[in-house]
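Remember, it's 1-based here, ligands and their atoms both numbered in the order they're listed. The figures that follow rest on heavy atoms only: side chains count, while hydrogens, waters and symmetry mates do not.
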Amino acid sequence: MSGGTEHLLAALFMAGVASAMGYRSTTDLDATPRTTVTFDELSGVRFFSMHTFNYSTLLLEDDQGILYVGARGAIFALNSTDVADGSHRTIHWEASPEKRMDCLQKGKDNKTECFNHVRFLQRLNSTHLYACGTYAFHPLCAAIDANRFVLPSHFEEGKEKCPYDPARGYTGLIVDGGLYTATRYEFRSLPDIRRNLHQRPLRTEESPLHWLNDAEFVASVLVQESKDSPVGDDDKIYYFFTERAGEETTSFYDKSQVARVARVARVCKSDVGGKKILQRKWTSFMKARLVCYIPYYEVLRSVCTLDAGNWASTVFYAAFTLSAQWRTMEASAVCRYSISAVQHAFEGPYMEYQDSARKWSRYDGAVPEPRPGSCITDHSRRKGYNSSQDLPNSVLDFVKLHPLMFEEVKPAGGEPLLVKKNVAYSQLAVDRVQALDGHSYDVLFMGTGDGWIHKAVVVGSGIHIVDEVQVFRDPQPVESLVISHVQRSLYVGAASGILQVPLASCARYASCYDCILARDPYCAWDGRACSPTATTASAGLVQDIQSGNKGCRSSSGRGFPTWKNRTVLQGDDVLLPCDQRSNLARAVWLLNGSQVPGAGQDRLRVGVDGLLVTDTLPQHSGEYRCYGEERGLRTLLAAYSLSVLPELPRGPTAAPRPHAASQTDGDMKVAYVSAIVALVVLCAVLSAVLLYMSCLEKRKGKYVLGEPRPASVELQTVSANCLRKGRREEEEEEELTYPDGCLRIIPGEAPTAPTSPVKELPAVVPPLPPPPPLPAELTNGVGALPNVLRKMNGNSYMLLQQQEEPLASPLYSASFTEELSKILEKRKHTQLVEKLDESSV
Ligand SMILES: *[C@@H]1O[C@H](CO)[C@@H](O)[C@H](O)[C@H]1NC(C)=O
Ligand SMILES: *[C@@H]1O[C@H](CO)[C@@H](O)[C@H](O)[C@H]1NC(C)=O
Ligand SMILES: *[C@@H]1O[C@H](CO)[C@@H](O)[C@H](O)[C@H]1NC(C)=O
Ligand SMILES: *[C@@H]1O[C@H](CO)[C@@H](O)[C@H](O)[C@H]1NC(C)=O
Ligand SMILES: *[C@@H]1O[C@H](CO)[C@@H](O)[C@H](O)[C@H]1NC(C)=O
Ligand SMILES: *[C@@H]1O[C@H](CO)[C@@H](O)[C@H](O)[C@H]1NC(C)=O
């Protein structure tokens, strides 16, 4: 089956199942990042990189002001105030040449695997850190004196603590000196949750049932449930992973593929194993299915946790990507879970494996006392069970055979907070921010597989994506995210280095409207500027996280646009650029104070980043104002005074222009030669002046150079922005943009009217190949609209082959434009647009 058909089928299936199950559709659950900040527009960031790769393991000690980083062959101690200030300390910890040779002989990849990837780095005690590295497939661990910051002379065996494979899913924690790790350690071994560095090392059971099936671990979290517990409960460690489903799942999957599902498991901190049964094994292991948006999103990618000082308020945020059968598409879902939902599943009925039927089903028989899998509480102590070793055999036997719970853990609100197409979230971090309205809001930082960070605020059961920021120029997965409240920074670890980004860049918002529309809980309008709330006295500040449009007295702010004059010759095309900073805004144009009609008769086309006036007439002269309209607020973004000079007298055959093409070639040549000669002198002078003027305006102003054109010259490509923006390859960028940043008109072959004969003009740019077919789920109907302006990565228009009379088309109505802008914005970073981009060059 071809990729396209596969997509289409999958999309149709997903749409069908979604509606059948009564979910909100994925379109309703989607959210468009309000603003887009590309790598070149980043400010206030610091980057650290030191001749190595894979800066994946971060340990922040905010009170010490140190960010420790485990990388390939090295551990760094960075100043968390400024990771790039040059004061870093380094531990070189490369795999020895013998071990590397060994690793190569095992047939491992010499470019990635046969190194010492530091995968574990945590505080062991007040003086020492504990680190583990893969050491070219011979894992080693070491206790490192944090002050001296040198490798010790003695290393510890790492094979039960650290995976051999640097890419294997792995999670680890140090709790009260005990090392709790979960991974598949060696290629041949089974995945396992282990406790080491402890008087009572423990692991999971493998017979007769495997408690874990090909598990790929994502995260582990300590929840201190013993704190103020009225029942004398124990602290618990929760594990998040994806594994092969043993039970029947609701998943729709190819019979050749095994369904994988997301899970949460937990163990008790005071577990010491059983005496005869489950000796040196967990007696408190339980697992349950973690549901986000089934059956599609079953692969867990990242989990982050937040508790507001007491464990009962703990929430988990989890990012999922599509299950294997849809892996050719990229999409993510984000869900939120409360600790009580997780506990509820663990307190519910168990599942049992029926050997005869060879399947898992709900267990409804008698359950022994104390409840199998629970921690030792006051209740069990009163019955004489002081530790897990005292538990009766009946309980331990039951635990052995019933690791799986019947109930699923459902997300808060029953559905995802976000379902985002064309994005694979690889990491999450969460912060809780006190807003001026007295509420606390959770702010999620979501790293993508291609080096972007989406910052989102959770409002009720929905999510608003404040911005998307490209933090690495070269696409690479965001591998770790850590938030520092002291530094008000986010540290981003990836293959090429560590980036320190401010949690908020309030100064980016130039007006009061812009500041509140952003709905960034870190920012508020103080009357003059958008400032960080943390550093400003809260009196008189304006902020509106809930609805994002209240509180401003006017749209005042700096950066008020200045009038620009534009003069063109009648018949020319002109683009009045208007950069909508917000992807959620709709462009509204006023001409002499009244709204520019969207309908095409006036030869006006409202696009996502400007107004295009084609074949201008003197009556197009006037004052044009461009507004961004968002949540009912209008912000003036650009203002132009357009003068269309009447056409100079020329040969009688020169007009009317659109019909010239239908006359005989001989007549036309004469007419055009004289017209061209007459106009060239004027145009040369005019062009020079206008070019100078337009490029004076910080290379922001774009202009159409008035040139006499043969009748069938067609506007094919218009680049509307001189600034480099977007993620295109450099060569492509050069191809599409004039060096002076001005509009480019390419003579093409297409006739201006259906009746015109086709002229034999050389095509400079070959006609666009048709875009690849898109699955309905991803296109939002855009594929069905051929004669439209398409925005390409936010900086240029494509006027796709105009075969029909486009000007009379109802497609250019205001509502359509609005619709189109939204659709195009959503598609801005899609693979599909990128592909289209490449093929259009
Ligand atoms: C980090 O840099 C800041 C500012 O330069 C300095 O005040 C601080 O002492 C440094 N911290 C450490 C741990 O070196
Ligand atoms: C890795 O192996 C390839 C092919 O075997 C070889 O060409 C290359 O030089 C090796 N690279 C290193 C860093 O050893
Ligand atoms: C911390 O652990 C290291 C390594 O086990 C040990 O040498 C050191 O004495 C410990 N420090 C304290 C303060 O317990
Ligand atoms: C380490 O970085 C290299 C180079 O960017 C990358 O190819 C590789 O996949 C990374 N390995 C891991 C385990 O992240
Ligand atoms: C449990 O502890 C209590 C008090 O510490 C003690 O009296 C009792 O004998 C212990 N029970 C067992 C089974 O060890
Ligand atoms: C706009 O106003 C100018 C002068 O104020 C006038 O010349 C022009 O014709 C008007 N344009 C339209 C479209 O009404």
Side-chain angles (χ1 to χ4, degrees), residues 49-58 69-74 108-120 122-137 139 141-148 150-156 162-170 174 176-179 183 196-198 216 426-427 447 449-451 472-480 493-498 563 565-567 570 576 589-597 601-604 611 613 616-625 639-646:
S49 184
M50 278 299 280
H51 320 297
T52 187
F53 296 103
N54 310 106
Y55 300 77
S56 332
T57 311
L58 304 189
V69 179
R72 194 176 91 178
K108 302 297 174 191
D109 188 338
N110 66 355
K111 290 207 186 62
T112 57
E113 294 176 317
C114 296
F115 293 93
N116 183 30
H117 289 265
V118 176
R119 300 217 51 199
F120 185 88
Q122 284 191 17
R123 177 61 66 169
L124 177 63
N125 59 27
S126 57
T127 56
H128 284 69
L129 306 173
Y130 197 77
C132 296
T134 58
Y135 211 76
F137 271 71
C141 295
I144 294 167
D145 184 325
N147 283 329
R148 291 176 51 228
V150 289
L151 274 186
S153 49
H154 168 75
F155 293 93
E156 290 174 22
C162 179
Y164 288 53
D165 180 347
R168 171 74 50 202
Y170 172 59
I174 290 180
D176 296 345
L179 176 65
T183 186
N196 284 295
L197 304 185
H198 195 275
E216 188 75 5
S426 55
Q427 274 298 319
D450 58 356
F472 294 100
R473 189 193 293 276
D474 299 325
Q476 55 193 295
V478 169
E479 287 179 5
S480 43
S496 70
I498 293 285
W563 279 93
N565 291 320
R566 290 285 180 270
T567 309
Q570 173 175 353
L576 303 176
W589 284 86
L590 299 187
L591 167 54
N592 284 358
S594 54
Q595 187 151 350
V596 169
Q601 292 87 337
D602 295 83
R603 306 170 185 200
L604 303 173
L611 175 73
V613 190
T616 45
L617 298 170
Q619 56 262 40
H620 285 131
S621 303
E623 296 188 336
Y624 288 80
R625 284 189 180 83
Y640 297 92
S641 180
L642 178 69
S643 320
V644 181
L645 303 179

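A cation-pi arrangement, defined by a distance under 6.0 Å to the six-membered ring centre and an angle within 45 degrees of its axis, is absent between Arg566 and Tyr640.
The nearest heavy-atom contact from the protein to atom 9 (O) of ligand 6 is Ser621 O, 4.1 Å. The shortest contact between atom 7 (O) of ligand 4 and any protein heavy atom is with Thr112 CG2, 4.1 Å. Nearest protein heavy-atom neighbour of atom 14 (O) of ligand 4: Asn54 ND2, 3.1 Å. With hydrogens left out, the protein atom closest to atom 13 (C) of ligand 4 is Pro166 O, 3.6 Å, a heavy atom.
The contact set between ligand 6 and Gln619, taken as ligand atoms under 4.0 Å from a residue heavy atom, comprises 13 (C). Ligand 3 places these atoms under 4.0 Å from at least one heavy atom of Ser126: 13 (C). Less than 4.0 angstrom separates some heavy atom of Asn125 from each of these atoms of ligand 3: 1 (C), 2 (O), 3 (C), 8 (C), 10 (C), 11 (N), 12 (C), 14 (O). Listed by number with element, the atoms of ligand 6 under 4.0 Å from a non-hydrogen atom of Leu591 are 13 (C). Heavy-atom proximity to Ala495, at under 4.0 Å, picks out these atoms of ligand 4: 2 (O), 5 (O).
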Checking Cys141 against Cys132 for the disulfide (SG to SG under 2.5 Å) test, could you report, in this order, the C-alpha distance in whole Å, the side-chain angles of both residues, the deciding distance, and whether it holds? CA-CA 4 Å; Cys141 295; Cys132 296; 2.1 Å; yes
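Here the side chains of Glu113 and Pro166 are in contact, with some heavy-atom distance below 4.5 Å. Between Leu58 and Ile498, some side-chain heavy-atom pair lies under the 4.5 Å cut-off. Residues Arg119 and Ser56 are not in side-chain contact: their nearest non-hydrogen atoms beyond the backbone lie 4.5 Å or more apart. A heavy-atom distance below 4.5 Å is not found between the side chains of Glu623 and Leu591. The side-chain heavy atoms of Tyr55 and Ser49, taken from C-beta on, include a pair separated by under 4.5 Å.
Note that CZ of Phe120 and SG of Cys162 are 9.5 Å apart. Values are rounded to the nearest 0.5 Å.
Neither the backbone nor the side chain of Glu623 comes within 4.0 Å of ligand 6, counting heavy atoms alone. Residue contacts with ligand 4, taken as heavy atom pairs separated by less than 4.0 Å, involve Glu479 solely via side-chain atoms from C-beta onward.
Inside a 4.0 Å radius of atom 4 (C) of ligand 6 there is not any protein heavy atom.
Under the 3.5 Å distance criterion, the side-chain polar atoms of His117 are matched with a main-chain donor or acceptor of Thr112.
Heavy-atom proximity to atom 12 (C) of ligand 6, evaluated over Asn592, Val644, Leu617, is greatest for Asn592.
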